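Data first, discussion second: the structure below is written as structure tokens.
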Amino acid sequence: MSVVPLDAERVEQDDPPARDDEAIAARSLGQAVWRRLRRDRTALVSGIVSALLIAVALAAPLIELGYGVDPQDSFKGDLDRYGMPYGVAGGISGAHWFGIEPGLGRDLFIQMVYGMRTSLGIAFAPRSSPRRSAC
């Protein structure tokens, strides 16, 4: 391959840059992971949403106190004779944010919060149990 005069000038200019020892710094694994995570907005938003859901699941008893409804409370008075909730969209109201469960009359919001707590326990249970070998 022949060298064209324009390429010859470019070859002469491609000297390696001068090393500045202070500009090159070693990063720990955590710093490298955090740097890559900050650039990936989808992963960052997913992590924040996951952390929020975990916080809600862990704070279920506190949410129950603030909401004022026990997971086992039944609101049979808010059901018609067929077991369906009165009102629009399954009984959604200021007292029942996600409505009432048909048939049993339990509040769906507090059921969902405690269900998240159960799911969180199931998700982390295999991680905390001792490993068994197949032998």
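The residues of the chain are indexed from 1 along the displayed sequence. This structure is a prediction, so every number in the text was calculated from the model and none was measured.
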Practice task
Test side chain to side chain contact (heavy atoms under 4.5 Å, CB included) on Y86 and L79 and set out the steps.
Solution key: CA-CA 6 Å; Y86 290 119; L79 301 176; 5.8 Å; no

Look at the side chain of [X] and the backbone N and O of [Y], then say whether any donor-acceptor pair between them is shorter than 3.5 Å.
| X | Y | result |
| --- | --- | --- |
| K76 | G83 | no |
| D73 | D70 | yes |
| S74 | L104 | yes |
| Y67 | F109 | no |
| Q111 | P71 | yes |

Could you state the interatomic distance from [atom1] ([X]) to [atom2] ([Y]), rounded to the nearest 0.5 Å?
| X | Y | atom1 | atom2 | result |
| --- | --- | --- | --- | --- |
| R36 | L44 | CZ | CG | 14.5 Å |
| R41 | S46 | CZ | OG | 13.5 Å |
| L53 | I48 | CG | CD1 | 12.0 Å |
| Y114 | R106 | OH | CZ | 13.5 Å |
| I100 | L108 | CD1 | CG | 8.0 Å |

Report whether [X] and [Y] are members of the same hydrophobic cluster (ILVMFWY, side-chain heavy atoms less than 4.5 Å apart, transitive linking).
| X | Y | value |
| --- | --- | --- |
| I63 | I92 | no |
| M116 | V49 | yes |
| V45 | V56 | yes |

Practice task
Give a yes or no on whether the ring-centroid distance for H96 and F75 is below 6.0 angstrom.
Solution key: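 Ring-ring flag for H96/F75: true, centres closer than 6.0 Å.
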
Handout entry: Any side-chain heavy-atom pair of F124 and L120 under 4.5 Å
Key =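 Heavy-atom side-chain distance check passes, below 4.5 Å.
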
Practice task
May I ask you to test the P85-E101 pair for a side-chain heavy-atom distance under 4.5 Å?
Solution key: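 P85 vs E101: side chains apart.
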
Exercise for the section: Verify side chain to side chain contact (heavy atoms under 4.5 Å, CB included) between V69 and E64, making sure each step is shown before the conclusion. Expected result: CA-CA 6 Å; V69 176; E64 176 188 345; over 6 Å; no

